[in-house]
Participant: 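One structure follows; several queries about it will come next.
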Amino acid sequence: MKASAIAHPNIALIKYWGRALDQPSYLNIPTNDTVSMTKESINYAKSGIDLITHTTIEFSENFIEDTGFLKTNEKLVPFDNVQMKRVVKVVEALREMADITLKFKMVSENKFPTAAGLASSASGFAALATCTSKALNLNLNRTELSKYARLGSGSAARSIHGGFVYWNRGNSHDTSYAEQICECNEFDIAAVIAVINRGKKDVTSDVGHDSAHSSLFNQIKIKESQEKSVEIRKAIENNDFTTVGMISEKNCLYMHSVMMTSDPPLFYWNPDTLKVIKAVINNRNQYFQTYKMINKGVKQKEKEGIECYFTVDAGPNIHCLCRTEDIDAVQYFIQNKIGIQERDIVKVRQAEFGSKIVEQHLF
Ligand code: ADP
């Protein structure tokens with residue numbers, strides 16, 4: 001009864017922030033539908049950031065208690081009580097379904113910074129639900145896996161799938177799950193991450209969710225996010241990069257406005273985050289200006305600026321969304337015009353799959 005799985009994190013285009021008040025909070029049901037892209041890194045040799053989690057779980061009568069470890073720098077570090085509670089929540093639900101009482105050992109490795117706003121909780125719990133289902137011989141389909149991954153972390157519901165993903169908020173454990181909008185590369189978009197800080201954030205998202213409802217802006221954000229989820233889904237299906245970029249950027253600002261005006265206030269950005277945000281906007285404005293002039297027949301020496309948009313999850317690190325053909329130009333811009341070091345830049349493409357069983361075990 002041992003199995004391993006890998007999973008990729010995702011970047012939210014319509015964010016999950018705050019749990020639905022009319023649902024039990026342990027279900028992690030969001031206030032609105034959300035949308036994401038499951039992501040994979042291209043240049044991990046340079047950045048050392050490989051956007052993937054690998055998890056192994058075993059159930060055995062030899063174990064006298066449930067244990068969980070995060071493999072960090074080749075060492076096994078036991079999960080602390082809060083982290084272990086989240087792991088047990090997912091495993092226990094599946095263990096009950098399998099009708100067994102055997103204890104488990106679990107080891108997981110994030111090949112990228114944990115708790116830094118790059119969505120380790122999403123890939124972590126997607127990988128956990130997937131390997132647990134296999135080890136217990138439940139062999140759940142992706143819809144079911146999405147529901148159980150959600151119990152560990154809401155955004156993990158989306159990391160079960162590759163490509164673009166829509167999470168229906170639903171109104172119960174059974175109706176709140178993610179589905180794929182389209183397969184990898186059916187919509188042309190890529191991203192470049194400016195890694196501003198690899199360290200752990202001061203407030204985990206799990207704790208931050210609880211304060212969302214204290215912001216005056218939250219109700220507006222919920223209404224807007226619900227409408228825009230439907231709109232962005234259509235734009236993805238229509239390969240409309242500009243609409244997807246504009247909606248994503250605005251939705252990120254709505255979420256951070258709620259965070260900053262919550263009680264207590266939450267500031268995930270730092271000065272370099274704002275520096276990159278402003279540079280992305282200027283660069284894009286330049287692109288549109290050039291575009292307008294060319295349309296008016298004014299001759300340009302060369303194409304200036306790039307059409308790119310930013311989005312920031314709960315952390316200081318920024319995803320610059322761009323067309324795939326512009327990914328090197330965006331990297332060049334972030335490195336040479338904004339001054340972010342090459343090792344802190346991660347080029348990202350859409351991941352073909354979200355979670356999947358692998359043969360290789362971590363213990
Ligand atoms: P992030 O932006 O990286 O998702 P969060 O604060 O939302 O940051 O989540 C980090 C938390 O997610 C960790 O403290 C831990 O509880 C959980 N987590 C991260 N990676 C794993 C993993 N591989 N397996 C199980 N839980 C994990």
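The first residue of the sequence shown is numbered 1, and numbering continues consecutively from there. One-based numbering, in listed order, for ligands and for the atoms of each. Here the structure is a predicted model, which means the values were calculated and not measured.
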Participant: According to side chain to side chain donor-acceptor pair (under 3.5 Å), who are the partners of S205, at least two apart in sequence or on a separate chain?
Facilitator: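 If we apply the side chain to side chain donor-acceptor pair (under 3.5 Å) test to S205, skipping adjacent residues, the hits are K201.
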
Participant: Classify the ring geometry of H8 against F353: parallel below 30°, tilted from 30° to 60°, perpendicular beyond 60°.
Facilitator: tilted

Participant: One line per pair, note the atom names and distance for all nitrogen or oxygen contacts under 3.5 Å between ligand 1 and the protein.
Facilitator:
{"unit_1": "ligand 1", "atom_1": "2 (O)", "unit_2": "G117", "atom_2": "N", "d": "3.1"}
{"unit_1": "ligand 1", "atom_1": "2 (O)", "unit_2": "A119", "atom_2": "N", "d": "3.3"}
{"unit_1": "ligand 1", "atom_1": "2 (O)", "unit_2": "K201", "atom_2": "NZ", "d": "3.0"}
{"unit_1": "ligand 1", "atom_1": "3 (O)", "unit_2": "A115", "atom_2": "N", "d": "2.9"}
{"unit_1": "ligand 1", "atom_1": "3 (O)", "unit_2": "S120", "atom_2": "N", "d": "2.9"}
{"unit_1": "ligand 1", "atom_1": "3 (O)", "unit_2": "S120", "atom_2": "OG", "d": "2.6"}
{"unit_1": "ligand 1", "atom_1": "4 (O)", "unit_2": "S120", "atom_2": "N", "d": "3.2"}
{"unit_1": "ligand 1", "atom_1": "4 (O)", "unit_2": "S121", "atom_2": "N", "d": "3.0"}
{"unit_1": "ligand 1", "atom_1": "4 (O)", "unit_2": "S121", "atom_2": "OG", "d": "2.6"}
{"unit_1": "ligand 1", "atom_1": "6 (O)", "unit_2": "S205", "atom_2": "N", "d": "3.3"}
{"unit_1": "ligand 1", "atom_1": "7 (O)", "unit_2": "S121", "atom_2": "OG", "d": "3.3"}
{"unit_1": "ligand 1", "atom_1": "7 (O)", "unit_2": "S205", "atom_2": "OG", "d": "2.9"}
{"unit_1": "ligand 1", "atom_1": "8 (O)", "unit_2": "K201", "atom_2": "NZ", "d": "3.3"}
{"unit_1": "ligand 1", "atom_1": "14 (O)", "unit_2": "Q83", "atom_2": "NE2", "d": "3.1"}
{"unit_1": "ligand 1", "atom_1": "20 (N)", "unit_2": "N110", "atom_2": "ND2", "d": "3.0"}
{"unit_1": "ligand 1", "atom_1": "23 (N)", "unit_2": "S108", "atom_2": "OG", "d": "2.8"}
{"unit_1": "ligand 1", "atom_1": "23 (N)", "unit_2": "N110", "atom_2": "OD1", "d": "3.0"}

Participant: Can you see whether F363 has K105 sitting over its ring - NZ or CZ less than 6.0 Å from the centre and within 45° of the normal?
Facilitator: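 Yes; both conditions hold, so K105 lies above the ring face of F363.
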
Participant: Going through the checks in order, is the side-chain hydrogen bond (donor to acceptor under 3.5 Å, both in side chains) test met by T53 and S123?
Facilitator: CA-CA 6 Å; T53 295; S123 50; 2.8 Å; yes

Participant: Do the non-hydrogen side-chain atoms of T31 and K221 ever get within less than 4.5 Å of each other?
Facilitator: yes

Participant: Give the C-alpha distance, both sets of side-chain angles, the deciding distance and a yes or no for salt bridge (Lys or Arg N to Asp or Glu O under 4.0 Å) between K234 and E237.
Facilitator: CA-CA 5 Å; K234 280 198 198 121; E237 285 164 349; over 6 Å; no

